[in-house]
Amino acid sequence: MSISTKYNPKEVEKKWYDSWMQRGFFHSEPNPNKEPYTIVIPPPNVTGVLHMGHMLNNTIQDVLIRRARMQGKEACWVPGTDHASIATEAKVVAMLKEKGINKSDLTREEFLEHAWEWKEKYGGIILEQLKKLGASCDWDRTRFTMEDDMSAAVIEVFVDLFRKGQIYRGVRMVNWDPQGRTALSDEEVIPKDTMAKMYHLQYEVVADSASTEPTYITVATSRPETIMADVAVAVNPNDERYTRLHGKSVRIPLLGKVIPVILDEYVSIDFGTGALKVTPAHDLNDYELGQKHKLPTIDILNNDGTLNEQAQLYVGQDRFAARRNIVKDLQETGMLVKIEEYASVLQTSERTGAVIEPRLSMQWWCKMDNMAKPALEAVMNDEIRLHPPKFKNMYRSWMENVHDWCISRQLWWGQQIPAYYLPDGSYVVATTAEEALRLARKESGNNELQLEDLRQDEDVLDTWFSSWLWPISVFNGFKDPDNKDISYYYPTNDLVTAPEILFFWVARMIMAGYEFRNELPFKNVYLTGIVRDTQGRKMSKQLGNSPDPLDLIEQYGADGVRAGMLFSSPAGNDLLFDEKLVEQGRNFSNKIWNAFRLIKGWEVDESLSFPNETAVAWFESRFNEAFIQIEDHFSKFRISDALLAVYKLVWDDFCSNYLEMIKPAYQQPIDKQTIDATTAFLEKVLKVLHPFMPFITEEIWHELKERKNKEYLIVSAWPKKEKFNKGVIEKMESVLNIVGAIRNVRNSKNIPNSKQLDLSIKNLSGTNYEPFLGIIRKLAGISEVSFVSDNLEGAISFVEAGDEFFIPMEGNIDVAAERERLTKELEYTKGFLASVDKKLSNERFVSGAPEAVITAERKKKADAEAKINAIEQSLAVL
RNA sequence: GGGGUGUUAGCUCAGCUGGUUCAGAGCACCUGCCUUACAAGCAGGGGGUCACUGGUUCGAAUCCAGUACGCCCCA
């Protein structure tokens, strides 16, 4: 037999992936005779490379889709990528810069040409990487959020929502990324804990008459460079320190401009000095305060973060340079009282890392409140289930406090907003320029207008404004709402994604589902955790703590990596990734491989009788029991638990126990009935293992037997739930306990495995041990078994299931040690009995507890008493 | 500040409907084995007041309240 003792995944994985592709097993077409099962991939950024998060996420999707396929459903997993406007544009800008080209020197068309070229060349690598993982996506259906159809859907949706009054244009406070020079949604802003400085500045109070000494009010701010944009100083009306200032005005330091003191309970008395400078253009809270008190707004920043003319001072300087300079100048004039360090949260851009500038700007907005309602309800009433359900609360609080969505981005890569400005500044919204012209002529009453007179809005839409349509648009549901694909596959079944994007993607897809199809987009949302390193740190490029997934696959095999990722990742929990887990996954592959080698290596002798009836009957039941558990785990999306249950079934039950029971002596042949049963068991085991470890299972499946053309494991029938015999399982459990006890004796007495032992059984329970004697002999290395009615002298004894067992020790038994061991066990059992007795003598327990519990307690009592009796007898004969 | 969530073995975590799956798994550790499927393995073993304090209950790791510490989301 020349099969290697080590499983070698490399060529096996490539072979089977190609073979599956060739035979079209991943491809799906609507089939009215089958139940559809659909997953749409969370489209990774087209610029992305596979990281550990993707690995986890896509492994789970593949497990679900493979199981569904085997269950006979029409399984369709739609892959694709997202155009990721900011990330991609940043990459392209950087690439151009390396070539010495500035974006600002290019026209929009030129830039987009470069971008597309870049996308064609480098985009979508990640999809190729997913194939290495074994992802069984329907690659014929691969989509990209900026391909023509998808973009058309985005534009159509924009126009539709605009006509419904759900989209508007307005000046609002936005998160401004001065580096990317674009607005960001709240979700694209990452708060970072930092130590910041709090500057205490003096504002001179404008005196009633010129004669009095100047007085000052101290204001605390973290952003001294914005004082030129101040329009008021606010204090709490209940703050007695400042009562004297009610109705007064103050002078801005350096600038000398006079601004009023206003009163508002919003100001917290204990924070800073209790006096707040109000800068509506550069702080969200100040903006709201300004609106409330009808204060003007003075915007002193350019879109690149430098100061503009409105600032009057430090014009043209970057905001941080201006801060350094103003601090120096304030110090020199004595208006800076002190600088304090305090822990603060810095808002930064997810894409560029720049510090976010709250900024007033004209943007496009999408109203959320109407759409949020059905989306909230669907989750609250479990039409859409979140796994784990703890995310429901979070979802609710977000949806109840939902803000309008800023959907415009000052970028070129993406869907350009279909708004067209007329020369007079008014605008129309239309899917095409031609239609826009028609509308413009109609609305303006000016039939002389030409296409050249219209100017399309420069901005593009937020990436998520295309992603939220994904489950519908991948099936062309906008252009052709009743096509056979969308009618069949939509609503999809399960969505697997990270909790980080629960709001800006998942929630919005739900809204889009109800808004555009009156139907939920998916039924279950499985939320994975974040993959962290062993120290609990998020994996990141900067930290360099993330292993390269492809290296891992190279080293441990895709199956090993998949299993490793799943071993410790219950839904919604972060996964502390340790390469040890992948090693365990690899070892598991090897274990299965060797079980296969063993079975494959046996010679069959058809003349032999069938000696393994008990073992076969037991494993049959055990498989069915485990399978029911596995299915239960799956039904509750406990993927990790399902794998662990399979793992134990394979390793403990099948390999350590079953195969050892039936294994013929060295170089002896096996009987026909046993080999047939065992082959069938292995096939069943391979089936339940296949979704987790597709490659090795397919390999063994084909090596085990000749298979016809399309008889592949990937499309074989998932096992059915069947009844099992609980009694058989329990009996075997106690037999295995006996084996364990004998092995323990062997170990503690240093008796080598090669030395056979004898066993005497004092059968008090009336159990029929006959069918199990062969198993006990084989697994525990016993030669003679005898049944006795008296205790054996000079033997080590133990009790199991009410019966006593003796192993003769040929006189060299350590009486003292044995006595000690038995005494200890006796003490323990007596203590145990006492606690059971206490319970049973408690009348309220007996009357209050259910019958089954009481019976169980009575049985415990009887067992304990029998055991005490047996130990005492053993002690007596020692 | 508001809301959520967690704290179980050295580590990572299960424990779902309160009671035999109730204190468990994997890794790590210790002992002994290269026993012809597998040393990427086999056999055995040690290790936990279930964060703390109270309450409900015949019975609490499990339910409730509070405290401490951690994490997440929103401000």
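The chains referred to below are lettered A, B, ... by the order of the sequence lines, with proteins before strands, and numbering in each begins at 1.
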Go through it in stages, so that I can follow the logic: the residues are A/E857 and A/K860, the test is salt bridge (charged side-chain N to carboxylate O under 4.0 Å, His left out), and I'd like the CA-CA distance, side-chain angles, deciding distance and then a yes or no.
CA-CA 5 Å; A/E857 286 305 310; A/K860 274 197 229 171; 2.9 Å; yes

Which label fits A/F805 and A/F798: parallel for a plane angle under 30°, tilted from 30 to 60°, or perpendicular past 60°?
parallel

Partners of A/Y395 by side-chain hydrogen bond (donor to acceptor under 3.5 Å, both in side chains), sequence neighbours excluded?
none

Would you please name every residue forming a side-chain hydrogen bond (donor to acceptor under 3.5 Å, both in side chains) with A/S797, sequence neighbours left out?
A/S874

Starting at NZ of A/K755 and ending at C1' of B/A43, how long is that distance when rounded to a whole Å?
18 Å

Please determine whether a side-chain nitrogen of the Lys or Arg among A/D283 and A/R223 lies less than 4.0 Å from a carboxylate oxygen of the Asp or Glu.
no

Using the C1' atom on both, measure B/C42 against B/U56 and round to a whole Å.
50 Å

In Å, rounded to the nearest 0.5 Å, how long is the span from CG of A/D404 to CG of A/D369?
6.5 Å

Would you kindly give the CG-to-P distance between A/N753 and B/U36, to the nearest whole Å?
11 Å

Evaluate A/D863 against A/K867 for salt bridge (charged side-chain N to carboxylate O under 4.0 Å, His left out), listing each step before the verdict.
CA-CA 6 Å; A/D863 287 352; A/K867 192 162 181 181; over 6 Å; no

Residue whose closest nucleotide on RNA chain B lies nearer the 5' end, A/M394 versus A/R844:
A/R844

Are A/Y647 and A/F588 near enough that their ring centres are under 6.0 Å apart?
yes

Any donor and acceptor pair, going by atom type alone, linking the side chain of A/R743 with main-chain N or O of A/I738 inside 3.5 Å?
no

Looking across every strand, which nucleic acid part, if any, lies under 4.0 Å from A/R746 by heavy atom: base, sugar-phosphate, or nothing?
nothing

Applying ring-ring contact (aromatic ring centres under 6.0 Å, His included), can you list everything that pairs with A/W593, at least two apart in sequence or on another chain?
A/Y7, A/F596

Gap in Å between the two P atoms, one belonging to B/G32 and one to B/G24, rounded:
26 Å

Nucleotides 6-11 of chain B: which of its N/O atoms have a protein N/O under 3.5 Å away?
none

Which class fits the ring pair A/F623 and A/F627: parallel under 30°, tilted 30 to 60°, perpendicular over 60°?
parallel

For B/A28 versus B/U36, give the span between their C1' atoms, rounded off to a whole number of Å.
31 Å

What's the gap between B/C69 and B/A25 when it is taken at their C1' atoms, as a whole Å value?
27 Å

Using atom P in both nucleotides, what's the gap between B/C58 and B/G18 to the nearest angstrom?
16 Å

For A/D671, enumerate each residue passing the side-chain hydrogen bond (donor to acceptor under 3.5 Å, both in side chains) test, keeping only those at least two apart in sequence or located in another chain.
A/T674

In whole Å, I'd like the distance from the NZ atom of A/K636 to the P atom of B/G15.
11 Å

Under 4.0 Å: is that the gap between some side-chain N or O of A/N393 and OP1 or OP2 of B/U5?
yes

Do A/Y658 and A/T678 have a side chain donor and acceptor closer than 3.5 Å?
yes

To the nearest angstrom, how far is A/N657 atom CG from B/C42 atom C1'?
13 Å

Take atom NZ of A/K778 and atom C1' of B/C42, then tell me their distance rounded to the nearest Å.
17 Å

N/O contacts under 3.5 Å, protein versus nucleotides 19-27 of chain B?
from, atom 1, to, atom 2, distance (Å)
B/G26, O2', A/Q584, OE1, 2.7
B/G26, O2', A/Q584, NE2, 3.0

To the nearest 0.5 Å, what is the distance between CG on A/L527 and CD on A/E500?
10.5 Å

For the C1' atoms, the ones on B/G45 and on B/C64, what distance do you get once it is rounded to whole angstrom?
40 Å

Return the CE to CG distance between A/M55 and A/L566, rounded to the nearest 0.5 Å.
10.5 Å

Examine B/A75: is either OP1 or OP2 under 4.0 Å from a nitrogen or oxygen in the side chain of A/H403? Give yes or no.
yes

Given the C1' atoms of B/A51 and B/A68, what is the spacing between them in whole Å?
8 Å

Run the salt bridge (Lys or Arg N to Asp or Glu O under 4.0 Å) test against A/D264 and tell me which residues pass, sequence neighbours left out.
A/K292

Tell me the interatomic distance from A/F504, atom CZ, to B/C74, atom C1', rounded to whole angstroms.
14 Å

Which residue pairs satisfy the salt bridge (charged side-chain N to carboxylate O under 4.0 Å, His left out) criterion with at least one member in residues 728-738 of chain A, sequence neighbours excluded?
none

Any salt bridge (charged side-chain N to carboxylate O under 4.0 Å, His left out) involving residues 647-667 of chain A? Give me the pairs, sequence neighbours left out, ordered by first then second residue.
A/R622-A/D653, A/E660-A/K663

In whole Å, what separates the P atom of B/U12 from that of B/G55?
33 Å

N/O contacts under 3.5 Å, protein versus nucleotides 37-41 of chain B?
from, atom 1, to, atom 2, distance (Å)
B/A37, OP1, A/K663, NZ, 3.4
B/A37, O2', A/N594, OD1, 2.7
B/A37, O2', A/R597, NH1, 2.4
B/A37, N6, A/E660, OE2, 2.9
B/A37, N3, A/N594, O, 2.9
B/A37, N3, A/A595, N, 3.4
B/C38, O4', A/N594, OD1, 2.9
B/C38, O4', A/N594, ND2, 3.3
B/C38, O2', A/N590, ND2, 3.4
B/C38, O2', A/N594, ND2, 3.3
B/C38, O2, A/K591, NZ, 3.0
B/C38, N3, A/K591, NZ, 2.9
B/A40, O4', A/N587, OD1, 3.1
B/A40, O2', A/N590, ND2, 3.1
B/A40, N3, A/R586, NE, 3.0
B/G41, OP1, A/N587, ND2, 3.2
B/G41, O3', A/K591, NZ, 3.3

Return the stems involving RNA chain B, sorted by first number, where pairs are Watson-Crick (N1-N3 with N6-O4 or O6-N4) or G-U wobble (N1-O2 and O6-N3), both under 3.5 Å, and runs are 3 or more long.
B:1-7 with B:68-74, B:10-13 with B:24-27, B:29-33 with B:41-45, B:51-55 with B:63-67

Per-nucleotide protein contact along nucleotides 44-50 of chain B, 5' to 3', at a 4.0 Å heavy-atom cut-off (B base, S sugar-phosphate only, - neither), is SS-----

Rounded to whole Å, how long is the line connecting atom CZ of A/R396 with atom C1' of B/G2?
14 Å

Whole-Å distance between B/C13 C1' and A/I639 CD1?
17 Å

